[in-house]
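Worksheet: the structure to be examined is printed underneath.
Because the structure is a prediction, the values reported are computed rather than measured.
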Amino acid sequence: MPEITLPDGAKRHFPTPVSGAEIAASIGPGLARAALAMRVDGELQDLSRLIEQDAAVTFITRRDEAALEMIRHDCAHVLAEAVQALFPGTQVTIGPAIENGFYYDFARNAPFTPEDFPAIEAKMREIIARNAPFARSVRPRDEAIAFFEAKGERFKAELIRDLPESETITFYSQGDWVDLCRGPHMRGTGDVGPAFKLMRVAGAYWRGDHRNPMLSRIYGTAWRDTAELTAYLHQLEEAEKRDHRRIGREMNLFHIQEEAVGSIFWHPHGWTLYRAVEAYMRRRLDAAAYQEVRTPQLVDRSLWERSGHWEKFREHMFIAIVEDEDKTLALKPMNCPCHVQIFNHGIRSYRDLPLRMAEFGACHRYEPSGALHGIMRVRAFTQDDAHIFCTQDQVATETAQFVALLADIYRDFGFESFRVKFSDRPERRAGSDETWDRAEGSLREACAMAGVDYELNPGEGAFYGPKLEFVLRDAIGRDWQCGTLQVDFILPERLDALYTAEDGTRRRPVMLHRAILGSFERFLGILIEQYAGRFPLWLAPVQVVVATIVSDADTYAETVAAALRRAGLRAETDTGREKINAKIRTHSLRHVPVLLVVGRREAEAGLVAVRRLGVEAQPIISLDEAVQTLATEATPPDLRSPSIG
RNA sequence: GCCGACAUAGCUCAGGGGUAGAGCAACUGAUUCGUAAUCAGUAGGUCCUCGGUUCAAAUCCGAGUGUCGGCACCA
């Protein structure tokens, strides 16, 4: 007689065995209707599973987060059944729930197209209306493999073969349709509900490996109810509006064209934004005792051979052949080898360490064509790169200082939170285990010192050392790695970097490769999306437009703009013959943060009407006051005095 | 790189085997106007490129290039 403990602490006894559904029914008809699944001692299970021993049971209803995941998972099963019903001969593979929805990968000669969606969705609704119960069954391994092979489902058979011997092999059926699945599921297909939509088709490699066949993936979204679905679709539309490629065009920031794929043509306003970020970064690095350098774009092959890039990175490099001199040069894909050259030029003492060498280094990498994405993923980009040459003892302190600097800079750009991934030793690596123990240990210690929480990213470190990756999320929910910090023991060795220690011996420095923005191009893309083009005043390409109401105010408008420019503000005038309504609309759509409206009254009295983006209030103040206020407000965050905040 | 979709005016898009269409933007003229679109007119296109089918191709077919969505790769 199992004793069942409910969330409120109440205990109930049932004849052995008892199903979750029976327990729910014994509590009340409302719960019996609402319960979709249960947690038994914390483990999510089908409601139909039998409980034979004492356990704590919690019921999952549609409101629970766990239910949402089950709706999506179950919806993937419904999709698979629908597809196999409509397209005989299609093999099923895997179909998990993911953020905001689910997908299912199918193997089929002809891939699906979005035109297939209406028919598939209709079939899915049929299956959901039928409300076939999800029934779990356990099968012996050999039988399970034979079952799928008999059906010609070789991917499923392969999956089972690769499961560990200890794994229980479970099947779930929904009516006549059966799938290999770990579960759990809700009561039946009807619990999926109506709030789903197929979104797109995509290719995906079997088991995520590009050497495997490509499957046809169908992505879908699914929610608790149609209101949630509608809200999600609306959110997607909003995200689309802040896409940096769209805003870049609308605000005339940059363009890319076929003759320079993966490289950016920065227009005046875009370049202004770029320069504002660059100037800010330069001040921050100066203040943090970095030394800025500049190193060559084209470097002879021999240096890349020594650094190891020619061997490890060759396929990502642009090569330039100089026929007259019989030389092979490469556009630099990274700055580190060049920085070591500067380090090596002359004799270094331990007194020089830590030596922080920074460069806004323009790099070129031959990225796969399919990876290119607006200005976020390009082939020509500029890193806010630096290499810290230090002793092993200094690694922890330098790391802590770096993370503090990075967090402060992200905050200045409006990013309050970011994720940190700690990538530790990969399978293929250089250096001894002791070295790795030390490197990882000091990095962990540094994270603790800086109060950094990280998630472990096992085996993803660089071959020369562990790294931290700092990840920001864009408007459409995509993650972008921006900052990085890598501990390197290898390059100083390969390029023979040395310093003289206190005891007169020659020693190898450790190199910390680090970047905060990552690349200006990517970071600006993220920034554009973060602010949806409505930049804070210090970053806005055009900070102020002086707009006239009547042509009698034209001269005054020029005076106002000149005064603003003298105060360091980026100001334009609009003395066109449009009505003020039209001017306000035009500049609002361009996301100009401040409009100074001047008519006859303002011109005569030396005043301006201040209209801020999206705000209808229009205080009228003196020109002097406006210049002063705006200049203060436009001060970059690192130059503000604390009292002003 | 792989799978799929797409490519028409500066932008957003319609059309479709036989003079290329709209709205917005641009330009010209009129309007001098008080906080998110004043009115009228003008101009603007090798319908991505190259081949093929056809009496005729922007339209159909093929190849290429680019873009977009994924996958793989990655700052």
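- Heavy atoms of A:Phe523 sit nowhere under 4.0 angstrom from any nucleic acid atom.
- In this model, the phosphate group of B:G69 is approached by a side-chain N or O of A:Arg245 to a distance below 4.0 Å at OP1 or OP2.
- One interatomic measurement links the two molecules: CD of A:Glu578 to P of B:A30, which rounds to 14 Å at whole-angstrom precision.
- In the set B:A37, B:A75, B:C73, the nucleotide with an atom closest to the side chain of A:Ala582 is B:A37.
- Comparing the P positions of B:G1 and B:G64 gives a spacing of 11 Å, expressed to the nearest Å.
- Among the protein residues, A:Thr484 comes within range of no part of the nucleic acid, since none of its heavy atoms lies under 4.0 Å from any strand.
- The same atom, P, is picked in B:U28 and in B:A20; the two are 28 Å apart, to the nearest Å.
- Of the candidates B:C71, B:G69, B:A36, the closest approach to any side-chain atom of A:Tyr205 belongs to B:C71.
- Base pairing of B:A58 is not made with any nucleotide, judged by Watson-Crick or G-U wobble geometry with both donor-acceptor distances under 3.5 Å.
- Going from atom OH of A:Tyr205 over to atom CG of A:Leu215 covers 11.0 Å, rounded to the nearest 0.5 Å.
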Would A:Leu491 and A:His513 count as a side-chain contact (heavy atoms from CB on, under 4.5 Å) if you check the C-alpha gap in whole Å, the side-chain angles of each, and the deciding distance to 0.1 Å? CA-CA 11 Å; A:Leu491 209 56; A:His513 305 240; 4.2 Å; yes
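- In terms of phosphate contacts, A:Arg611 brings a side-chain nitrogen or oxygen within less than 4.0 Å of OP1 or OP2 of B:A36.
- At a threshold of 4.5 Å between non-hydrogen side-chain atoms, the residues A:Val261 and A:Ile256 do not count as touching.
- Nucleotide B:A36: unpaired (no Watson-Crick or G-U wobble partner with both distances less than 3.5 Å).
- Taking the C1' atom of each, B:G51 and B:U67 are spaced 23 Å apart, rounded to whole Å.
- For A:Ser369 and B:G1, the shortest distance from a side-chain N or O to OP1 or OP2 is below 4.0 Å.
- Distance, A:Arg249 CZ to B:A25 P: 17 Å, rounded to whole Å.
- With respect to A:Val544, the side chain to side chain contact (heavy atoms under 4.5 Å, CB included) criterion is satisfied by exactly one of A:Thr573, A:Leu596, A:Val610: A:Leu596.
- The six-membered or imidazole ring of A:Tyr274 lies away from that of A:Phe254, with a centre-to-centre distance of 6.0 Å or more.
- When heavy atoms are screened at a 4.0 angstrom cut-off, A:Ala547 is found touching no nucleic acid atom at all.
- Both stacking criteria are satisfied for A:Phe381 over the base of B:A75: a centre-to-centre distance under 5.5 angstrom and an angle between ring planes under 30 degrees.
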Kindly indicate, with the supporting measurements, whether the criterion salt bridge (Lys or Arg N to Asp or Glu O under 4.0 Å) is fulfilled by A:Glu158 and A:Arg207. CA-CA 11 Å; A:Glu158 185 183 326; A:Arg207 298 192 145 179; 3.6 Å; yes
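- With a cut-off of 3.5 Å on both pairing distances, the Watson-Crick or G-U wobble partner of B:C71 is B:G1.
- Counting non-hydrogen atoms under 4.0 angstrom, A:Val378 reaches a base of the nucleic acid.
- Looking at heavy-atom distances under 4.0 Å, A:Pro111 makes contact with sugar-phosphate atoms alone, never a base.
- Here B:U67 is the nucleotide among B:A37, B:C73, B:U67 with the atom lying nearest to any side-chain atom of A:Leu372.
- Taking atom CG of residue A:Asp243 and atom C1' of nucleotide B:U12, one finds them 15 Å apart after rounding to whole Å.
- When both pairing distances are held under 3.5 Å, B:A7 makes a Watson-Crick or G-U pair with B:U65.
- A distance of about 22 Å separates the C1' atoms of B:A37 and B:A43, rounded to the whole Å.
- For B:U8, the glycosidic angle deviates from 0 by more than 90°, giving an anti base.
- Between A:Phe112 and A:Gly614, the one whose closest nucleotide on RNA chain B sits nearer the 5' end is A:Phe112.
- Within the 4.0 angstrom heavy-atom criterion, only backbone atoms of the sugar-phosphate kind lie near A:Ala204; the bases stay farther away.
- Heavy atoms of A:Ile549 sit under 4.0 angstrom from at least one base atom.
- Comparing A:Leu215 and A:Glu616 by the nucleotide of RNA chain B whose heavy atom lies nearest to each, the residue mapping closer to the 5' end is A:Leu215.
- Between A:Asp574 atom CG and B:U35 atom P the separation is 16 Å, expressed in whole Å.
- Side-chain contact check for A:Ile549 versus A:Val598: every heavy-atom pair is 4.5 Å or farther apart.
- With a cut-off of 3.5 Å on both Watson-Crick or G-U wobble distances, the partner of B:A26 is given as B:U42.
- If you look at A:Phe413 and A:Phe523, their ring centroids are closer than 6.0 Å.
- Contacts of A:Gly208 with the nucleic acid, taken as non-hydrogen atoms under 4.0 Å apart, involve only primed sugar atoms and P, OP1 or OP2.
- Pair assignment for B:U31 gives none, since no Watson-Crick or G-U wobble pairing has each distance under 3.5 Å.
- Checked against the 6.0 Å centroid criterion, the rings of A:Tyr104 and A:Phe102 do not qualify as a close aromatic pair.
- Residue A:Gly262 is classed as having no contact, given no heavy-atom separation below 4.0 Å to the nucleic acid.
- The separation of B:A63 from B:C2, taken at their P atoms, amounts to 13 Å, rounded to a whole angstrom.
- Across the protein-nucleic acid pair, A:Glu240 atom CD and B:U67 atom P stand 17 Å apart, rounded to whole Å.
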Dump the intermediate steps for ring-ring contact (aromatic ring centres under 6.0 Å, His included) on A:Phe87 and A:Phe112, then the final yes or no. CA-CA 10 Å; A:Phe87 304 92; A:Phe112 300 100; 5.2 Å; yes
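- Side-chain nitrogen and oxygen atoms of A:His373 include at least one within less than 4.0 Å of the OP1 or OP2 phosphate oxygen of B:G69.
- The CG atom of A:Asn581 sits 8 Å away from the P atom of B:G34 (whole-angstrom rounding).
- For the C1' atoms, the distance from B:U54 to B:A58 is 15 Å, rounded to whole Å.
- Among the heavy atoms of the strands lying under 4.0 Å from A:Arg217 are primed sugar atoms or P, OP1, OP2 only; no base atom is included.
- For B:G1, its base never sits under 3.5 Å from the side chain of A:Glu315 at any donor and acceptor pair.
- Contact annotation for A:Arg200: backbone-only contact, meaning every heavy-atom pair under 4.0 Å involves sugar-phosphate atoms and none involves a base.
- Here B:G17 sits opposite no nucleotide as a Watson-Crick or G-U wobble pair (both hydrogen-bonding atom distances under 3.5 Å).
- Here A:Glu460 lies out of heavy-atom contact (under 4.0 Å) with every strand.
- Side chain of A:Glu258, nearest nucleotide from B:C3, B:C71, B:U65: B:U65.
- For the pair A:Gln257 CD and B:U65 C1', the interatomic distance rounds to 14 Å; values are reported in whole Å.
- For A:Arg377, taking side-chain heavy atoms from C-beta onward, the closest of the listed nucleotides B:A36, B:A72, B:C74 is B:C74.
- One atom, OH of A:Tyr104, and another, P of B:C3, lie 23 Å apart when rounded to the nearest Å.
- Nucleic acid contact class of A:Gln618 (heavy atoms, under 4.0 Å, all strands): base.
- For A:Glu367, counting side-chain heavy atoms from C-beta on, the closest listed nucleotide (B:A72, B:C74, B:U35) is B:C74.
- Comparing the same atom, P, in B:A56 and in B:C13 gives a spacing of 35 Å after rounding to whole Å.
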